[in-house]
Every structure is written in structure tokens, then in C-alpha cells.
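Letters go in sequence order (proteins before strands), and every chain restarts at 1. From a predicted model like this one, the values you see are computed outputs, not experimental measurements.
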Amino acid sequence: MDFKKIEKKWQAKWDEAKIFEANVNPKKKKFFTSIIIPYVNGNIHIGHSFTYTRIDAYARFKRMQGFNTLLAEGFHATGEPILGAIERLKKNDKSQIETFKMYGATDKDLQMFKRKGPEFAAKFWMEKIIESSKLMGFSVDWRRKFVTAIDPAFNRFIEWQYNTLRKKGYVIQGTHPVIWCLHDQSPTGDHDRLKGEGESPTEFVLLKFKLESGEILPCATLRPETIYGVTNLWVNPAAEHVKVKIDDETWIISREAVQKFKDQLKDVKEIGIISGKRLIGKSVRNMVTNQRIPILQGKFVDPATATGIVMSVPSHAPYDYVALKELGVEIEPISVIKVEGFGEHPAIEVSEKLGIKSTKETEKLDDATSIVYKKEFHTGVLREITGKYAGKKVSEVKNELIEDFVKQNVADKIWESSNLVICRCTNRCHVKILENQWFLKFSDKEWKNKVKQCISQMKFHPEESRIQFLNTVDWLDDKACARKSGLGTRLPWDKEWIVETLSDSVIYMAYYTIARTINENKISAEQLTDGIFDYVFLGKGNLKELSKNSKLNEKLIRGMREEFEYFYPVDLRNSAKELVQNHLTYALFHHVAIWNDPKYWPKAYGVNGFVTVSGEKMAKSKGNIIPLKNLVEKYGSDIVRINIATANENMDDADWKEDSLKTFSSRLASLEQLVKNLKRAKRKSVNNLDSYMESVLQNCIKGATENYETMKFRSGVQYSIFQIFNELNYYIERCDGIKGCNQGVLKNCLSAVVSLIAPFTPHISEELRYNLGHKDFISLGPWPSFEDKKIDKNILELENIFKKTLEDLAKVLKLAGKKKNAYLYFVTDKELNYFKDPVAYLQKMFDFKKIELYKSSDRNKYDPENKSSRAKYGRPAIYLE
RNA sequence: GCAGGGGUCGCAUAGUCUGGUCAAUUGCACGAGGCCUAGGACCUCGCGGGUUAGUCCCUACGGGAGUUCAAAUCUCUCCCCCUGCACCA
């Protein structure tokens, strides 16, 4: 079969007939869904194929069922990636050039990217994605496309969205600690890090120690309770330290810590420099216990960590104990915490047990630290020495203790990541508190409850994902919704902030409903005032006035309102499971915030797994990211579509296996053969076998339809291809070849199969339906209807008894060797009579000379071994000789 | 650490909610045979162990314990794996 030729042909016909352009039609029920917008820094690849094909298949399924179906697609350019990509391209980054080329850009294109910049590249990839989507046969209404961050009209829509949210009090301003790169002047997200993935800002306590001269040495710790056990401080003699004025106090901190404090909103004034060396040997006063303790040299102290000053608690911190020993200083450890299973000094015990000799054995020391810390935190009880906290558990008293210390001004706080974070630019990051950051108030209880109400009204495919959404709603906290860099829409009231990428792609589905009008009439952004959007989406305002102010004619505005009213809400949104915790849930938050009336809230969500390739995760380094275009050019789209769409269901990962392609192509080829040979089916009469086939067909229609409905395509296709094919083969064989089949029955079956697989193989289905004599588009239906009355349960049962008997005969023959004659004994007349027809078939199949059928109660039967006594209903007894 | 999802006969998958009809579905791989316009396909059978004229028995669904006449399926516990954890698409 020439898949590619067939595909080209039908894609052209669809285009010409505009069958995927969905318009308002009050007489028809609508179905509205959209593809998750792809990011435009490359073409769509095999990773997109699963989600996209599932959505397209579902849209096609609904269209065939008679829904006026709108499948829309837009494009995403918000954020950093395309900027970064062009940046790298300009630096002739090899991997970036390779990536672009893999997706089909030529050298000339790359030159243009460099010359014309990110917006040009974004639009270039948009066109490539559209081309690939068409090759795949996605049934998209392209009149409604847009690019976020680049289309001025869309950006205006985002402005309206945020103005609306702000009016309702859902956008708030706040301060927030982030991991920050000084060099890039931006927050360093997980994937922007060379080192330190998963690290997040943690609040450390700063305990103050006072020099005799009055300056304060602050030490950062997560274990302020050990202040009672501090024996000394550690300072790196090689590091430069700075005297700074903070509030009314003078602090001494490492050079590296100065910027950190500035970034954490402390008013820091540098007033002098002091080397680490000069601090060593001095003594400080522990401001909690009033004890004097020495400052010792600690070469292991990293001046870039926290304040560069470290307090030493040898009884409870393995590092400190080992360092003291290494230094050869005799200091009496002070025990603060009593822990079951340990003696006075847990840190010493553990260090010795692990045989740690040097501060350089960091791995062992980290182990030891974590053992001691966990044990002490969860089960440790504070000793007498801690005064008012004595007898309490560490875990219970910690917060109280911190509050007390801060109140007494013997402690302060500092944000720091627990482990080293290095930015991709190779700079070391620290924590910065961002001021005046704009947040979506996802922590709002009432807002959360509204989302939960929305979830309770929705359908989820698979149903198991519902609980994940509910958990996400509970877990979600305020979400920073704007950044200072990247492409995007500026917050209308605070222009230095740009709405970030997960926050401007949550209600764009509404924009599709009016994008056609905007695109076709070239409506400018300026004309799209908040008033217009209020009218179109919320039904507010006076049409005449709006028309006058915006210079848009009334009909146009009313048309947009009608189109929105007709197509909204979203009937299905489907994505991979990684978006559950963000995009999909955010979309619910925004919908319930903007539209009070639940009738505009999303109706159903679908969630699926990731795509793996031959069992492996996709990765650039593995070279297994295949552009969809390449796959389609190699195999044809229908085969690719059905192979990936049925690779898995529920939330399991879908594995792309090239091996299984041939399973589908051979099935489709034999389907084509059957269609071609249909006219050779000559039998006019109708027999039991025909009713059997009709009954089986009905079951398959039912099974396929029900499974498709909940996006269980793998199970659905089990019916629509595999089961039906096996039954068809059986039917044809029992009819003694295609010429013995009833043409009407066969045609009916073939038409049904062609329709049932059309959501996955639309091109081939169009072709075969045409060959079957229909002149309409199968893409527009009809969907095979399930008719219960066509199922003959009696015949189904009897034919299955017959099949079972075939198996039994084969087994017996295998064990007993070849036989000449067969005798079958039945309990009921019903079975006996049913078996009369296929006697010839049995004879031919097993090469018997003679077959005789008896009622087991028949006195005149031939039964030398009394086999007939074994006959049961549903299982005739067998005697062979 | 927090949250969610899992561990089934070589691999992958169904079955678990609603205990029995489950030695357990389906695809791939593998083995035997058949077929052809000898290109790979296609068809039939087998694929835990033993046994039989279509049968029956034993051992089995991550480990262990329990509930029950009966457990892959329910309860408890342990071990292991995967995913997400935010200013990032």
C-alpha cells in the first residue's frame, strides 16, 4: 500500500473542503479541545507524538460521532529558551547548531536566525510545526493560531487576564527568597544549574559571638540548640574578612558574605577589612552562655558558605570533633543533648566508629553528621545545661528556642542553600530575597476550594489522576508569576515585570474562540481594550459604547461573544503527567478565578505518560529524539499514529517500538485486500455464521466505543483491529473462502472496521471507505452505531461451543495420532442441530472420512468406548477411530 | 525529606476496586510444523514442572505475616523502583 500517496491525496481533499474549520452552528452540539501549545525552538518530535495523536484521535472520534468539533493549536514563545538558543547559535555552539539542523533548518536558515533574531526563529519553527502537524494529519482549524509573547493581540489578552485577576485580588506582591546568580542577574532554576539540582533556599539561624572589642562574629547553623555546647569558633586564616555595619552593630564576616547580606535586604555598610589570620587566637563571648571561647584556625572553612565563620560543637558535630583532633588541641567537649543508644558525646562515638581521621574524609563525615543529626533531632532530649529548655525534645523545642534567641538579640537569620549551587555560567549562586515580586495567590483557601469544586465536576482520564490534582491543589503555594527577563507580556501596571511562561498559557483556550475573527479581520491590539474582552468573555459592558470606543463594528464584537459562548468550555484537555502539578492545575485556578459561572470551567482532563524509545528515555545525548516529520516520511503517518497512540494507556509510559509498526501495516494491508476482494463474495443466503459475525461485530463496536470514550485507545484498538480481524479471518475460513461469504455481511463488517480505526488511521480509512463505495468523508462520520438487537446470544454461545470443540479435536488428534472417523455426542438437540451445518468444514479441516453426530441419550449410537457418558452441555464428547 | 504511582510466568503488558470461573490476557522474543509467485511474511501449535485421548496434580503473581473454606486480588509489615517538588518550559 502506498501510504504516502494516499495521505497526500486526502490531506489535499480535507484542505480543499475545509472540513476541520469549525464554525458556530447552534443546531449542532460542539466539542472543543486543543493541543498543548508547543514551544517554538524546534520542530515537534516523537515525544510530542503520543499526546498530540491522542488529542487528535479523540477530536476525530467526537467529530465522527456528530459533534461540531474544534481542535485548535497555538504556539508558545514566552520565556528564555528561544532567546538562549539564538544566543548560543551566535556563539556557534555546536550542539545548538546540530539541534536546529536535526529539526530541519538549513545553514541559510541559521544565518537568518542570527541576523533576524528570536522572533524570526520562533515564527520559522511555528511554520515547521504546522507543516509536520499537517503531515501527521492532525485535524486542526489553523485559522485560530497565535504565538504567545509575539502576537500583540495575544499579549493584550494576557494583559486583560492579569488586570482581571488583580482586580479580584488574586495577584499580590511579596518578597521571596530564590537561588540567585550574581553574574546572570537572575534566579537560577534547577535546569540552569551545573551543580546543586534540587537545592532550595533554607533559613539558617545566625548565632552571635562577641569579640572583646565589641564586634560580632555571626555563625550560621541549623542547630541553634547546640549553642550550649560550643567550645570554639573556626575561621579560615587565608580568607579576607570584612567589618560591616549592620543596624547598630558591627559584624565581621567573610568577603563573600557581604553581597549575600545585601541581597537579603540587610543594610550593610563596609567599614574595614580584617584578615582571617588576625582573628585567630582571639576569644569571643558566647552571648547565650556568657562563656569565653577561643577562635581557632580552620583551613577547611569555606568563606563562601554562609558567613565564613563557623561555630564548633565537638560533642554533636563530627566535623568539629575531627577538626579539633587534627589540630591537636585539647578541648573538653560539652554535651548538650541526651540520645538513647549513645553516651555523652554522640559525634565522637560515631566518628570513631567510622574511623574518621581527617577533615578531608568528607563523605564519611557527611554520613556521620547525618546519622547524628537525625537521631538527635528526632529522639534527642536537651540536658540540664540548656536551662529552661532542659528535658524537652530537640524537635519540639527548636522553634521556641529560635524565637527566644532572636528576641534577645543573640541570634539573627540568613537564607542559604544546604549544598553548593553552581549556575550554568559557572558562577556560584547564593540566596537573594526578591522584593516586590508578583505572585498568584494560590495559597488562598477560598480559591483552592473553588478549584476543588471544579475538579469534583470534571471527568478525568484515567480516573486515578483525579487524586493527584486534589493533592496538587492542597500542596500549591503562592506562585511567582512574573520575571524580569525573557520574552513575554509585561504586567500592565508594573512594566518592568514580564508574565512568565507558565502563567501566560493557562486560559489561552478562550483566545482560540476569538482568534479567527482577530486574524481574519486583522484586528489590532489597540482595538482590543479590556472592555472588549470583558464583553466577549464575561458578557459585561455596553455594546454600542464599546464599538464606538474601539472602532470595531458591533457585529464583529457580538460575533466574538457568540463564538466564545458557543465553543466554551473546554471539553477536553490532555497532556503528559509532568504538567499535572503545574500547567493543568494552574489552568483550573485561572478558570475559576476569571469565570464565576461553573459552566465555563473545563469539563475533562486527560493525562498520559511519557514517551520512551525502545525502552529508553529520550535524550539528546542518546540521539533518539526523532522529529515527527522524519518518521512520517519513512513510514507514513497512519502507521506512526496508530503505533504510538496504542503504545500505552493510563499514566504508563508509551514505548515507541519500530518492531510493532509491521504488525499494524500488515493488518492494514490485509484490510485493503479484503476491501478489494469484497466483490468476490457471492453468497446471498443468510446463515448462522452470518449472524455470528454480526453479533461479534456489535460487541467490537461496543468495546471500541466505550474504551475510546475514556481515552483507553490501546484497549479500544484491541477490539477495533485485533479482535475483529481474528473473527473476520475465522468467518472467511468457515465460509470456505471469501467467495462463500455473504457480501452484505462482509461489507458491513469492513465498513465498520474502517470507521472504527479512522481516528488513528484517517487517511487509509478515507481511501478504503471510498473504495467501499462511499463518496463522503469518513472524517465527518458516521460512527458505527451499536445495536444490541443485532446480537444473537444463542448463536454466539453455540458457535463458541463449536470453536471449543475444534480445539478439543485438535488436542486429541495430537495426542492420539491421525484418525479416520469422528463421532460426536451431544446432551442437547440444540447443539446437535447446530453442528450439522459445519460437518463438512470439520471433515475438511481434520481430514476425516466420516463424521457422525449423536444425542448422548441415543440408544442406537455407535460408541464402543462409552465416551458419550462424558458429554456435558457446552462440551460434546468425542470418540475417534 | 514531602507527595503520588508502581513491583505479575525471558522482556513488555492485562487482571487487583467487586476474593473463587487465574498457571493467569495480549504483544515481542523463542521452539516445532505448515504454506507460498521463496521476499519476508502469513497460518497452526507449544512456551513453570509433571501427567492425560480433549484431563488432572504440584509450585507460582517483590519478601514476610495475617484474615478466609478460598488471595495475584483484602489487612499489616519490610524491601526495591519510578515521577514531581516551583519562579522553570
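Base engagement by A:D477 is indicated by at least one non-hydrogen atom pair under 4.0 Å involving a base atom. Using a 4.0 Å heavy-atom cutoff across all strands shown, A:P462 reaches no nucleic acid atom at all. Residue contacts for A:N471: at a heavy-atom cut-off of 4.0 Å it reaches the sugar-phosphate backbone alone, with no base atom in range. Counting any heavy atom pair closer than 4.0 Å across all strands shown, A:A810 reaches no nucleic acid atom. Counting any heavy atom pair closer than 4.0 Å across all strands shown, A:E578 reaches no nucleic acid atom. Among the heavy atoms of the strands lying under 4.0 Å from A:R875 is at least one base atom, whether or not backbone atoms are also near. Using a 4.0 Å heavy-atom criterion, one finds that A:L813 contacts no nucleic acid atom at all. Residue-level contact check: A:E80 touches the backbone only, with heavy atoms under 4.0 Å from sugar-phosphate atoms and none from bases. Among the protein residues, A:F469 comes within range of no part of the nucleic acid, since none of its heavy atoms lies under 4.0 Å from any strand. Among the atoms of the strands shown, base atoms are found under 4.0 Å from some heavy atom of A:L502.
Partner of A:D478 under the side-chain contact (heavy atoms from CB on, under 4.5 Å) criterion, chosen from A:I172, A:L440, A:D444: A:I172. The only option from A:F826, A:Y841, A:Y823, A:Y854 that meets the ring pair (Phe, Tyr, Trp, His ring centres under 6.0 Å) definition with A:F835 turns out to be A:F826.
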Original post:
Do A:K484 and A:E496 pass the salt bridge (Lys or Arg N to Asp or Glu O under 4.0 Å) test, and can you show the C-alpha distance, the side-chain angles, and the key distance before you say yes or no?
Top reply: CA-CA 6 Å; A:K484 296 217 170 173; A:E496 61 178 308; 2.9 Å; yes
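A:K803 and A:E727 are joined by a salt bridge, as a carboxylate oxygen and a charged side-chain nitrogen come within less than 4.0 angstrom of each other. With respect to A:R734 and A:E799, a salt bridge is recorded, a charged nitrogen being found less than 4.0 Å from a carboxylate O.
Side chains of A:Y170 and A:H590 form no contact here, defined as non-hydrogen atoms less than 4.5 Å apart.
Remark: the separation of the C1' atoms in B:C61 and B:G48 is 12 Å, to the nearest Å. Between the C1' atoms of B:A12 and B:U25, the separation comes to 13 Å (whole Å). For B:A3 and B:U77, the P atoms lie 15 Å apart once the distance is rounded to whole Å. On the P atoms, B:U75 is 27 Å away from B:C11, given to the nearest whole Å. When the P atom is used for both B:G6 and B:G15, the distance is 11 Å, rounded to whole Å. Comparing the P positions of B:C45 and B:G62 gives a spacing of 30 Å, expressed to the nearest Å. Taking atom C1' in both B:C47 and B:G31, the straight-line distance is 8 Å, to the nearest Å. Distance noted for atom P between B:G50 and B:C35: 30 Å (whole Å).
Aromatic pair A:F154/A:Y508: centroids not less than 6.0 angstrom apart.
To the nearest 0.5 angstrom, A:I732 atom CD1 is 4.5 Å from A:L674 atom CG. Atoms OH and CG, from A:Y373 and A:L222 in turn, are 5.0 Å apart once rounded to the nearest 0.5 Å.
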Contacts under 3.5 Å, N or O only, protein and nucleotides 27-30 of chain B:
none

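In this structure, OH of A:Y586 is placed 12 Å from P of B:A89, rounded to the nearest angstrom. Atom pair A:I467:CD1 and B:G5:C1' shows a separation of 12 Å (rounding to whole Å applied). One atom, CG of A:L668, and another, P of B:C42, lie 13 Å apart when rounded to the nearest Å. For A:R870 and B:C56, the CZ to C1' distance is 11 Å, given to the nearest whole Å. Taking atom CG of residue A:L584 and atom P of nucleotide B:G4, one finds them 19 Å apart after rounding to whole Å. Straight-line distance from the CG atom of A:D474 to the C1' atom of B:A3: 11 Å, rounded to whole Å. A:W475 places its CH2 atom 16 Å from the P atom of B:G5, with the value rounded to the nearest Å. Put simply, CG on A:N707 is 19 Å from P on B:U25, counting in whole angstrom units.
Comparing B:A89, B:G84, B:A53 by their closest approach to the side chain of A:T501 singles out B:A89. Checking B:A89, B:A86, B:U83 against the side-chain heavy atoms of A:N582 singles out B:A89 as nearest. Comparing B:A53, B:U55, B:A86 by their nearest atom to the side chain of A:K819 picks out B:A53. Here the nucleotide nearest the side chain of A:K811, chosen from B:U55, B:C85, B:G4, is B:U55. Closest to the A:R714 side chain, of the nucleotides B:G5, B:U13, B:U83, is B:U13.
Distance alone, capped at 3.5 Å, places no donor-acceptor pair between the A:R88 side chain and the A:Q96 backbone.
Looking at which nucleotide of RNA chain B each of A:Y879 and A:P81 is closest to, the 5′-most match is held by A:Y879.
The pairing partner recorded for B:A70 is none, the criterion being a Watson-Crick or G-U wobble arrangement whose two distances lie under 3.5 angstrom. B:C11: Watson-Crick or G-U partner is B:G27, with both key distances under 3.5 Å. Across all strands shown, nothing is found opposite B:G39 as a Watson-Crick or G-U wobble partner with both distances under 3.5 Å. Nucleotide B:G84: paired with B:C2 (Watson-Crick or G-U wobble, both distances less than 3.5 Å). When both distances must be under 3.5 Å, the Watson-Crick or G-U wobble mate of B:C22 does not exist.
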